[in-house]
Amino acid sequence: MTHLPTDSGDPAERWAQLGADSAATLEAIEVRIVDLELIDPVRTSRGEHRRRPVVLVRLSGTDRGVPVEGWGECAALVDRTYDAEDLESSFAILAETLGPALLAAASATPLPTLAGFGALRSWVRDAPLAFAALEMAVADLHLRSIRTSLADWLEVGPGPVPAGAVVGEFQDVTGLLERVNALVDQGYPRVKMKISRGADAEPIAAVRQAHPSLFLQADANQDYHETDIDHLSSLDRYELACLEQPFPRDDLAAHARLAERVATPICLDESLDSPESVVRALEMGACSVVCVKPARLGGIGSALQVVRQCRASSVPLWMGGMFETGFARAANVVVGAASGTDWPGDLSPAASYLRPDLTAAAPEIDPENPARVVPSRAPGIGPAFDEALVDRLTSRVVRLEAAPDSGFGAG
């Protein structure tokens, strides 16, 4: 029997209740790297990206004698350009610290609720991406064991969620306009452009001239310095929805000074790696728009806390993306639906940018508008992985198994 949470009116509280009726115990944890490619290279101020290797976590156990499993996905990239973690460090943390700790705790006693699982965060304060992946796997196992989707657990309605599109930097304006025109023709209500020092005003002006009413954002990926404030002020003329992360992630003071000078709303992304960091940034006036990335914030639970904070303060938010597979992107769609935001997020189907996507089923798209995604109703966090494809594309795997003497072991 499926036990839905008591309606608290708060998705963050409903999330914390997940697993309260669970009797699941763990037998093994797998941590693996799966090698994927980006369909189109993504150019930003920090370089060009063609590959997207992904760390996956799989939990295996039993619930009242029935085999169960849960999957999690880590958003870490191959380098530390945007986060303190990279693919290798996240893999190591999951295989050597978080995985063994969870296996030791849940091999003889039931898997903790999501609220109880949060205690493991103290082990890895500086590794939100790894923690988010394991949190996702725990939640997926709980949801699959009661045959309930994340959307149903969080009481998300059936309505579709608006998705925005992202375009990298182009070497020429003609190519940029061709790409933006195609996205607008496909029905995307928002386009986010990557910009950098020396490559901002001209491309923004071209897109704005071609699409005067387009919901247009500019993402600087930390490429500017405080000495660029006068120049960034000149971008006000293009009436951007927001300017995202112009300065380094640890320089909130510079963002606050920029926000005092410009009319364009300032949005933070890389600077926001916990609910506490969001509160600090808003109190300092470093931003007036929040990019919610569950993985970067430390998991879905943290993201739902940020949604609650923004709602209480009437702060606009939107769902960001990290080139996830369709599994993790489905979770982002549900969090976006739970947030109630009207800002389109980075929620386009994974198959539009990854080769291949790893999920067995494509996301459901609004038949009236292909740029609107319907929350997944598949049991678990999202649509199931194509496990044969995952196995074929796995380049490395570590398996941890419960040991009868110590509670955990590695194999």
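Since the model is a prediction, treat every value here as computed from it, not as a measurement. Along the sequence shown, residues carry numbers from 1.
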Any [X] side-chain heavy atom under 4.5 Å of [Y] side chain:
{"X": "Leu111", "Y": "Asp63", "value": "no"}
{"X": "Leu216", "Y": "Val207", "value": "yes"}
{"X": "Ser302", "Y": "Glu135", "value": "no"}
{"X": "Pro356", "Y": "Leu36", "value": "yes"}
{"X": "Arg329", "Y": "Asp357", "value": "no"}
{"X": "Val398", "Y": "Phe91", "value": "yes"}
{"X": "Leu258", "Y": "Pro246", "value": "yes"}
{"X": "Val191", "Y": "Arg179", "value": "no"}

Using a strict 4.0 Å threshold on nitrogen-to-oxygen distance, state whether [X] and [Y] make a salt bridge.
{"X": "Lys194", "Y": "Asp219", "answer": "yes"}
{"X": "Arg32", "Y": "Asp391", "answer": "yes"}
{"X": "Arg190", "Y": "Asp346", "answer": "yes"}
{"X": "Asp230", "Y": "Arg261", "answer": "yes"}

First locate atom [atom1] of [X], then atom [atom2] of [Y], and finally report the distance between them rounded to the nearest 0.5 Å.
{"X": "Ser60", "Y": "Arg399", "atom1": "OG", "atom2": "CZ", "result": "6.0 Å"}
{"X": "Leu240", "Y": "Leu214", "atom1": "CG", "atom2": "CG", "result": "10.0 Å"}
{"X": "Asp228", "Y": "Arg197", "atom1": "CG", "atom2": "CZ", "result": "4.0 Å"}
{"X": "Ile300", "Y": "Leu114", "atom1": "CD1", "atom2": "CG", "result": "8.0 Å"}

**Message:** One pair to check against side chain to side chain contact (heavy atoms under 4.5 Å, CB included): Asn221 and Glu270. What are the steps and the verdict?
**Reply:** CA-CA 8 Å; Asn221 286 121; Glu270 288 92 337; 3.1 Å; yes

**Message:** Atom CG of residue position Asp126 - does it have more than 12 heavy atoms of other residues, nucleotides or ligands inside 6.0 Å?
**Reply:** no

**Residue Glu387 excluded, over 12 heavy atoms near CD under 6.0 Å** = yes

**Message:** The test is side chain to side chain donor-acceptor pair (under 3.5 Å); show your working for Trp71 and Glu73 and say whether it passes.
**Reply:** CA-CA 7 Å; Trp71 287 82; Glu73 178 176 333; over 6 Å; no

